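Inspection log for the structure reproduced underneath, given as structure tokens.
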There are 2 protein chains.
Amino acid sequence: MKKCIITIGRQCGNGGHTIGKTVAERLGIPLYDKKLVQIVAERSGLSAETVRREGEYSSASSLFTSVSSRGYSAYSVSQKDGMVLPDQINAYQTELIKELADKGSCVIVGRCADYILQERRDCFHVFIAGELKDRAARVIEEHGISAAAARSHVKDRDRRRSSYYKHITDQVWGMAANYDLCLNSSKLGIDRCVELILAATYMDS
Amino acid sequence: MKKCIITIGRQCGNGGHTIGKTVAERLGIPLYDKKLVQIVAERSGLSAETVRREGEYSSASSLFTSVSSRGYSAYSVSQKDGMVLPDQINAYQTELIKELADKGSCVIVGRCADYILQERRDCFHVFIAGELKDRAARVIEEHGISAAAARSHVKDRDRRRSSYYKHITDQVWGMAANYDLCLNSSKLGIDRCVELILAATYMDS
């Protein structure tokens with residue numbers, strides 16, 4: 001099998017994780033999603049929860065500190081060049097994602113991996129979109145919350161992912177021109193999304 | 001074959017027309033690209049060149065008149081409700097695109113067809129992106145102009161298509177979430193784009 005690093009950006013609740021996991025299983029290559037968070041947590045000395053939260057989502061506090069360039073003195077970790085927390089986590093994520101891409105074929109979900117690896121020719125960048133109602137339904141099923149809470153959860157996560165992506169990349173999150181293949185999982189279904197990714201990367205042959 | 005209306009949005013110079021033409025030929029269904037312009041020209045009494053230019057591209061004059069809501073009195077055509085030219089052409093295009101979709105399977109290139117037909121369930125919306133260098137190269141080959149002129153031509157067309165799309169739909173042109181499938185023709189090549197559209201719409205089976 002030729003080397004291929006597949007990055008998957010995704011809106012909240014559209015099955016992006018399942019699609020990435022299935023593609024990785026079908027190809028017998030590693031998946032980096034929660035595992036990436038764990039490694040960054042180990043290397044940085046931050047908790048996995050902090051890395052998950054601040055390494056892909058903008059929050060009011062992180063945005064404020066980005067603007068003011070004030071370091072997070074509350075964290076007992078070494079801060080190179082006085083970087084604010086989202087930038088510090090991004091530095092660890094960028095380093096790790098480049099290492100993983102050097103190492104061999106894999107699937108990387110989220111964390112601006114499409115942008116971080118944009119200059120490499122052995123990568124394939126995917127974005128998964130979906131209808132709000134279907135994404136909210138998936139969140140209701142997974143977390144057992146109300147319909148109104150699920151819609152609010154999905155919209156809030158998308159807004160904060162979009163804002164984080166803009167902060168790190170200075171690009172608009174979810175623009176087709178930044179990816180090789182974008183799929184609507186509501187229209188296509190999870191299984192067909194997997195098949196199309198394999199077909200597009202020639203990994204089905 | 002089940003009924004399917006395939007709409008194709010595309011950046012300038014990335015082979016979107018060729019992809020649409022080939023998909024239509026493979027499926028034995030009509031292609032509406034220049035043909036759509038011709039029909040709108042016949043119905044409106046405007047020249048085909050005016051429909052082509054003002055029915056997909058914002059120009060300084062059309063934008064200005066959109067803002068000021070001043071009618072194009074220079075045109076000797078009946079103007080319903082005093083609509084400005086881009087809106088008037090859009091009204092004809094919208095009417096025609098809905099008619100074509102009612103009639104049967106077809107491929108429609110450009111003209112905000114994805115937006116016009118967004119509520120229908122028998123449609124499949126595609127967007128084709130591509131790298132600037134490849135798009136400029138295609139324009140050089142087709143029109144025999146200089147590299148600098150080709151890059152400028154491509155960027156100007158994209159800017160004006162984007163602006164027209166925003167004016168008509170109030171959406172951002174090229175956002176993955178507005179389509180079912182987005183393809184990068186630089187990375188995938190024209191032939192693989194065609195195959196993926198057929199696979200995604202189940203038209204390959």
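These numbers were taken from a predicted model, which means no experiment stands behind them. Quick note on labels: first sequence line is chain A, next is B, and so on, each numbered from 1.
Summarising the local packing, NZ of B:K98 is surrounded by 12 or fewer heavy atoms from other residues, nucleotides or ligands at distances under 6.0 Å. No more than 12 heavy-atom neighbours from other residues, nucleotides or ligands sit within 6.0 angstrom of NZ on B:K34. Few gaps surround CG on B:D102; more than 12 heavy atoms of other groups in view lie less than 6.0 Å from it. Around the CG atom of B:D170, the shell of radius 6.0 Å holds no more than 12 heavy atoms that belong to other residues, nucleotides or ligands. Annotation for A:E25: atom CD counts as buried by contact number, over 12 foreign heavy atoms lying within 6.0 Å.
Closest approach of A:L196 and B:A200 over heavy atoms only: CD1-CB, 3.8 Å.
Separating the CG atom in A:D180 from the SG atom in B:C182 is a distance of 11.5 Å, to the nearest 0.5 Å. Taking CG of B:L181 as the start and CG of A:L183 as the end, the distance is 6.0 Å to the nearest 0.5 Å.
Heavy-atom proximity under 4.5 angstrom to chain B picks out A:C123, A:F124, A:F127, A:A129 from residues 118-139 of chain A.
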